[in-house]
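Taking it in order: structure first as structure tokens, then the write-up.
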Amino acid sequence: MSTPDTPATPAHAAQQAGEATLDRISWIKLSSVTLPLATPISDAKVFTGRQKPMTEVAFLFVELATEEGHQGIGFSYSKRAGGPGQFAHAKEIAPTLLGEDPSDIAKLWTKLVWAGASVGRSGLSTQAVAAFDIALWDLKAKRAGLPLAKLLGAHRDSVRCYNTSGGFLHTPTEQLLENASASLAQGIGGIKIKVGHPDGKVDLRRVTAVREHLGDEVPLMVDANQQWDRPTAQRMGRALEEFGLGWIEEPLDAYDARGHAALAASLDTPVATGEMLASVAEHWELIRHEAADIVQPDAPRIGGITQFLKLATLAEHQNLQLAPHFAMEIHLHLAAAYPYEPWVEHFDWLEPLFNERLHISDGRMHVSSRPGLGITLSEQARAWTQAEHELGNRP
């Protein structure tokens, strides 16, 4: 049986371009960029011994240009491991796009996936495809002279936002409170902190301190990063009910749809998950099991904007809330185009990579008037570039 992200069967012979083909991709540049983090980052996966603190994030950037002079930029990323693999896969499949009409985004997504079909339709392979797909959408919106959200059809011009980067488990409680106050002073509307400490009493003390500091009116969320088993998630979920949380994120293993469903049914606090899944099909397992009140897809992880839009339709059909993970520079536009009021996650980690900044006020992140994604690579991003690869004719 087919799954929601199964590519269509390719034609036996490539169709000749018709008169509706107005432009062609003539140049592609791939860049592998390593972003160093100012402070090593630890969440529950570190405290349970499954990972080491994170010190950098690897990015795959794709820049495209056409014969008519239109350009687009997209990116994917990997934390800890996988960055060189994404770049290597992108190098292999990039020639597939040369000479193609950049408007045919769904067709090109399928063509890129089939170029690397033997390594599957999820994980590293489609995360490499995502960077191309996002660049194509950016190009299309720029050619139309529209912000991407407007090209997609926005339901709103701003989106509720919450901060995560100030709430990691390595952060002392007093610093947590200072970070939360600083975020609110920036105009951010909600605060998320990490939980999942091996000693649950530590989590409860930290959540108590933050809730008392913020008061009852500021939205507060927690994120266990998949580190609880089912009994622990039930106990902690019940203990956390009194804090009026916006959601409990990733209480269980990302692929435990049945466990998430049982937990969601037993708690008043909404359950959120999905960020670690790497395809629409994997998210469909959550949706069909009623395993989440809030879905948290990550466009670079699931194959790009083309796949995100498919998933958003499935989520809307089930009346689910949406809170995309990370990469606010992309997800602001996608959240703005979702019918139900969503959230977008504020991380300032990526800001050195771009020349532009997103405007935040009154608890909301605002879509700018800049066309496309509204971002350009900074000189600092160029300086952090580890490898490059170009194809075609430079504009």
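What you see is a predicted model; the values in this text were computed from it and never measured. Quick note: numbers below take in every heavy atom, side chains included, and nothing from hydrogens, waters or symmetry partners.
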For Arg238 and Leu267, work out which heavy atoms get closest and say how close.
N-CD2, 3.9 Å
Give the C-alpha distance, both sets of side-chain angles, the deciding distance and a yes or no for ring-ring contact (aromatic ring centres under 6.0 Å, His included) between Trp247 and Tyr162.
CA-CA 12 Å; Trp247 65 72; Tyr162 68 95; 5.2 Å; yes
Can you name the nearest heavy-atom pair linking Ala387 to Thr385, along with the distance?
O-CG2, 3.4 Å
Within-4.5 Å side-chain heavy-atom neighbours: Leu136 and Leu108
yes
Minimum-distance pair of heavy atoms, taken over all atoms of Leu60 and Gln86
CD2-O, 3.9 Å
Within 6.0 Å of CG in Asp199, more than 12 heavy atoms from elsewhere
yes
Just wondering, more than 12 heavy atoms not from Asn393 lying within 6.0 Å of its CG?
no
With sequence neighbours left out, the residues meeting side-chain hydrogen bond (donor to acceptor under 3.5 Å, both in side chains) with Arg288 are Glu285
Do side-chain atoms of Glu345 reach the backbone of His325 as a donor and acceptor pair under 3.5 angstrom?
no
Quick check for you: to the nearest 0.5 Å, what is the distance between Met328 atom CE and Phe347 atom CZ?
10.0 Å
So which heavy atom on Ser103 is nearest to which on Lys140, and how close?
O-NZ, 3.4 Å
Is there a donor-acceptor contact under 3.5 Å from the side chain of Thr306 to the main chain of Gly303?
no
Can a donor-acceptor pair be found between the side chains of Ser181 and His213 at a distance below 3.5 Å?
yes
Quick test of your reading of the model: are Glu249 and Lys194 salt-bridged, counting only N-O distances below 4.0 Å?
no
Decide yes or no for Ser279 and Trp284: does some side-chain heavy atom of the first lie under 4.5 Å from some side-chain heavy atom of the second?
no
Kindly confirm or rule out a cation-pi arrangement of Lys79 over Phe326, judged by NZ or CZ under 6.0 Å from the six-membered ring centre and within 45° of its axis?
yes
So that I can tick it off, tell me whether Glu341 and Arg156 are bridged by a salt bridge, with the cut-off set at under 4.0 angstrom between side-chain N and carboxylate O.
yes
Does Glu290, at its CD atom, have more than 12 non-hydrogen atoms belonging to other residues, nucleotides or ligands within less than 6.0 Å?
no
Please find the pair of heavy atoms, one from Val271 and one from Ala291, that lie closest to each other, and give the distance.
CG1-O, 4.1 Å
Can you hop from Val119 to Ile302 via hydrophobic side chains spaced under 4.5 Å?
no
Hey, are the side chains of Gln71 and Leu64 touching, using non-hydrogen atoms and a 4.5 Å cut-off?
no
List the steps, then state whether side chain to side chain contact (heavy atoms under 4.5 Å, CB included) holds for Ile28 with Phe132.
CA-CA 9 Å; Ile28 303 169; Phe132 294 100; 4.2 Å; yes
What's the spacing between His366 NE2 and Leu358 CG if we round to 0.5 Å?
10.5 Å
So do the side chains of Val62 and Ile73 get within less than 4.5 Å of each other, counting heavy atoms only?
no
Can Glu212 and Arg206 be counted as an ion pair, charged N to O under 4.0 angstrom?
no
Would you mind checking if Lys107 and Glu100 are paired as a salt bridge, meaning a charged N to carboxylate O distance below 4.0 Å?
yes
Could you walk me through whether Lys29 and Glu388 pass the salt bridge (charged side-chain N to carboxylate O under 4.0 Å, His left out) test, one step at a time?
CA-CA 7 Å; Lys29 181 178 180 180; Glu388 293 180 335; 3.3 Å; yes
Among Asp293, Leu320, Leu245, find the residue that satisfies the side-chain contact (heavy atoms from CB on, under 4.5 Å) test when tested with Pro270.
Asp293
Aromatic contact, Tyr77 with Trp349 (centres under 6.0 Å):
no
If we check side-chain contact (heavy atoms from CB on, under 4.5 Å) with Trp137, which of these qualifies: Leu309, Leu334, Ile330?
Leu309
Polar side chain donor-acceptor pair, Gln296 to Thr273, under 3.5 angstrom:
no
So is Lys111 actually on top of Trp114's ring, under 6.0 Å and inside 45° of the axis?
no
When you measure from the side chain of Thr232 to the backbone of Trp228, do you find a donor-acceptor pair of N or O atoms at a distance under 3.5 Å?
no
Would you check if Leu240 and Ile248 make a side-chain contact, meaning some heavy-atom pair closer than 4.5 Å?
yes
What one should report as the nearest heavy-atom pair of Trp343 and Pro324 is O-CD, 3.1 Å
Evaluate the ring planes of Phe61 and Phe59, with Trp represented by its six-membered ring, and classify them as parallel (under 30°), tilted (30 to 60°) or perpendicular (over 60°).
parallel
Could you check whether any side-chain heavy atom of Leu311 comes within less than 4.5 Å of a side-chain heavy atom of Ile287, counting everything from C-beta outward?
yes
Got Leu277 and Arg301 here, is their nearest side-chain heavy-atom distance under 4.5 Å?
no
Measuring only between side-chain heavy atoms, which start at C-beta, is Leu373 closer than 4.5 Å to Ile134?
yes
Between CZ on residue Arg370 and CG on residue Leu148, distance to nearest 0.5 Å:
13.0 Å
Are Tyr340 and Glu316 linked by a side-chain donor-acceptor pair shorter than 3.5 Å?
no
